[in-house]
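Letters A, B, ... mirror the listed sequences (proteins, then strands); counts begin at 1. The analysis underlying the following values was restricted to heavy atoms, covering all of them including side chains, and did not include hydrogens, waters or symmetry mates.
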Amino acid sequence: MFEFNIIAECSRTGARAGELTTPHGIINTPVFMPVGTLATVKSMSSRELEEINSQIILGNTYHLYLRPGSEIISKAGGLHKFMNWSRPILTDSGGFQVFSLAKLQKITDENVICRSHIDGSLLIMSPEWSMDMQRVLASDIAMCFDQCSELPATHEKLEEALNRTTLWAERSKEYFLSHNDVNNQALFGIIQGGTCDDLRERSAHEIINIGFPGYAIGGLSVGESHEAMYHTLDILNNIMPPNKPRYLMGVGYPLNIIEGIARGVDMFDCVMPTRNGRNGTLFISSGRVNIKNKNNAEDFTSLDPECDCYTCRNFTRAYLRHLSMCGEILGARLCSWHNLRFTVRIAEQAREAIIAGKFPEFLERFNAKFHDNPQTQN
RNA sequence: GGUGGAAUGGCCGAGUGGUCAAUGGCAACAGACUGUAAAUCUGUCGACGGGAGUCUACCAUGGUUCAAAUCCAUGUUCCACCA
């Protein structure tokens with residue numbers, strides 16, 4: 001049921017185009033996966049997600065465990081049916097919440113004792129708990145329960161998280177193999193190690209030795225510089241098995257995606273398109289736009305004439321600014337809609353370029369056009 | 001006509017002699033956001049100056065006082081109640 005085939009490779013960079021077969025369909029890589037933490041990509045319906053060509057979306061173990069809970073998801077017949085999404089789903093293990101909800105918990109090798117961010121009630125997260133929950137969610141791709149460190153961090157702290165991640169990867173896999181539906185769900189391993197070369201290498205070797213159908217790079221985009229991120233990707237690009245999908249977790253900034261693809265990454269996910277969209281920062285081919293800025297008040301042009309999304313084809317910047325200024329739901333929707341399509345399309349365009357043998361040119365063109373500073377573009 | 005009350009920075013609204021260029025909130029302006037505790041958070045928000053600071057400000061005018069958004073007088077406008 002799971003297969004990954006590389007159909008084209010860039011001769012000058014690490015970029016590759018592939019096909020990842022899952023129970024709910026084939027995913028063309030590179031791919032950007034919108035995040036749907038609570039069984040919804042915030043403000044977007046499944047029909048709209050299909051329209052922007054989302055091939056796969058994420059769900060979150062921790063959040064769905066708290067609400068609506070495993071029983072209801074189970075009764076619904078799994079996450080696909082519950083949210084009426086028929087394409088592939090990847091579930092995050094709850095590992096990231098060990099990081100993002102760090103103040104609410106106590107971590108040991110055995111497990112994570114955590115307080116619910118909703119009502120403060122106690123819950124215990126562990127690799128086994130995560131596999132159980134992801135089995136109920138019935139995602140196509142499950143993730144190992146890991147520990148993500150914030151950066152900057154000391155070598156010692158990173159090593160501790162790395163060791164625990166390896167330990168938990170072993171337990172995740174062992175439990176997964178004996179409890180989950182291995183014909184309909186794949187378990188990916190997660191490499192940690194921050195931005196320390198030696199730790200990254202060690203973590204990669206340890207996780208790869210355990211053996212998974214796909215490997216994720218965790219612990220990046222958590223405070224390090226872009227250069228440090230790229231350097232770590234370069235190192236991993238030389239270690240990770242070429243015939244397995246590689247997933248850079250939590251990355252969605254357009255330049256990071258492009259540079260990630262150039263370093264052999266096949267899959268990305270990020271809340272950035274939706275969160276930034278709701279907050280008024282939009283990504284377009286020339287860079288970033290803060291749609292709430294006054295200079296958009298009387299701008300009756302399209303947000304991005306080069307974009308094929310519903311928002312850009314039908315509404316003006318002035319209207320988007322108006323909706324965003326007023327806090328209107330439609331503003332959040334249209335802005336998320338555009339950002340999602342824009343981000344999904346980056347991966348699509350990269351794929352086309354890789355297949356056409358023109359990825360380096362695409363990379364160069366994108367970098368030349370996309371300005372980092374929101375002030376510098378129109 | 002009578003009696004009582006109120007007028008504060010774009011708006012609402014604290015403040016009742018010095019610690020007040022004046023709490024808050026909103027609006028506005030800008031920034032942040034990367035496996036979602038986020039339709040959130042942060043900063044700025046009288047003028048000039050890099051800053052120390054200077055100036056102009058709490059309806060108007062006049063006064064009391066070393067010192068007034070705060071006290072007094074008069075006026076203006078608004079509100080409530082009574083006729």
Side-chain angles (χ1 to χ4, degrees), chain A residues 32-44 56-64 66-67 90-105 114-120 130 134 139 141-151 165 188 190-192 216-226 229 247-257 259-260 265 267-283 288-297 321 323-336 339 343 372-375:
Chain A
F32 176 78
M33 310 182 283
V35 176
T37 306
L38 280 161
T40 165
V41 176
K42 292 190 192 298
S43 90
M44 302 294 290
I56 169 173
I57 62 172
L58 263 70
N60 184 281
T61 298
Y62 167 84
H63 289 284
L64 292 169
L66 291 182
R67 288 191 300 210
L90 181 151
T91 42
D92 191 24
S93 61
F96 187 72
Q97 279 63 45
V98 175
F99 160 77
S100 65
L101 301 168
K103 280 161 258 164
L104 299 173
Q105 54 212 358
C114 177
R115 296 222 164 258
S116 155
H117 72 281
I118 298 167
D119 64 5
S130 180
Q134 293 187 79
S139 52
I141 299 170
M143 299 302 299
C144 282
F145 191 66
D146 67 326
Q147 183 179 351
C148 178
S149 306
E150 69 176 339
L151 292 172
T165 294
F188 279 23
I190 303 177
I191 297 163
Q192 288 291 343
I217 301 159
L220 288 180
S221 63
V222 286
E224 80 285 7
S225 68
H226 290 184
M229 177 195 287
Y247 163 25
L248 177 54
M249 307 185 82
V251 164
Y253 185 61
L255 295 176
N256 292 164
I257 292 177
E259 295 295 338
V265 175
M267 305 161 72
F268 302 85
D269 81 284
C270 195
V271 304
M272 193 175 267
T274 45
R275 180 184 288 171
N276 283 31
R278 287 195 305 280
N279 294 333
T281 300
L282 301 174
F283 300 104
R288 281 192 288 173
V289 173
N290 188 337
I291 198 64
K292 291 181 178 175
N293 283 182
K294 196 173 189 162
N295 59 352
N296 294 304
R321 169 176 143 98
L323 294 178
S324 297
M325 291 301 282
C326 296
E328 279 294 333
I329 299 171
L330 184 62
R333 265 170 55 64
L334 292 178
C335 290
S336 298
N339 274 352
T343 312
D372 205 24
N373 187 337
Q375 319 274 23

Letter per nucleotide, 5' to 3', of nucleotides 36-44 of chain B [B base touched, S only sugar-phosphate touched, - untouched; heavy atoms, 4.0 Å]: BBBBB----
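- Shown here are the ring-ring contact (aromatic ring centres under 6.0 Å, His included) partners of A:Phe268, two or more places apart in sequence or in another chain: there are none.
- With sequence neighbours excluded, the residues forming a side chain to side chain donor-acceptor pair (under 3.5 Å) with A:Gln134 are A:Thr91, A:Ser130, listed by chain and number.
- Take A:Asn276 and apply the side chain to side chain donor-acceptor pair (under 3.5 Å) test, not counting sequence neighbours, and it matches no residue.
- Both distances falling under 3.5 Å, in either a Watson-Crick or a G-U wobble arrangement, place B:A7 opposite B:U76.
- Residue contacts shown for A:Gly331 are absent, as no nucleic acid heavy atom lies under 4.0 Å away.
- In this structure A:Glu224 satisfies the salt bridge (Lys or Arg N to Asp or Glu O under 4.0 Å) test with no other residue, sequence neighbours excluded.
- Base pairing annotation: B:G1 forms a Watson-Crick or G-U wobble pair with B:C82, both donor-acceptor distances under 3.5 Å.
- The C1' atoms of B:C71 and B:G18 are separated by 14 Å, rounded to the nearest whole Å.
- Using a 4.0 Å heavy-atom criterion, one finds that A:Met33 contacts no nucleic acid atom at all.
- A:Asn290 has no side-chain polar atom (N or O) that falls below the 4.0 Å cut-off from OP1 or OP2 of B:C33.
- Comparing B:C33, B:A30, B:U34 against the side chain of A:Lys294 picks out B:A30 as the nearest.
- Counted by atom type alone, A:Asp119 and A:Ser116 present one or more donor-acceptor pairs between their side chains at under 3.5 Å.
- Within the nucleic acid shown, A:Gln192 comes within 4.0 Å of at least one base atom, counting heavy atoms only.
- A residue-by-residue look at A:Arg321 and A:Ile190 shows that A:Arg321 has its nearest nucleotide of RNA chain B further toward the 5' end.
- Using the Watson-Crick or G-U wobble rule with both distances under 3.5 Å, B:G18 pairs with B:C66.
- Under the rule for a side chain to side chain donor-acceptor pair (under 3.5 Å), A:Thr40 has no partner lying at least two apart in sequence or in another chain.
- Using N1 to N3 plus N6-O4 or O6-N4 for Watson-Crick, or N1-O2 and O6-N3 for G-U wobble, each under 3.5 Å, B:A28 pairs with B:U44.
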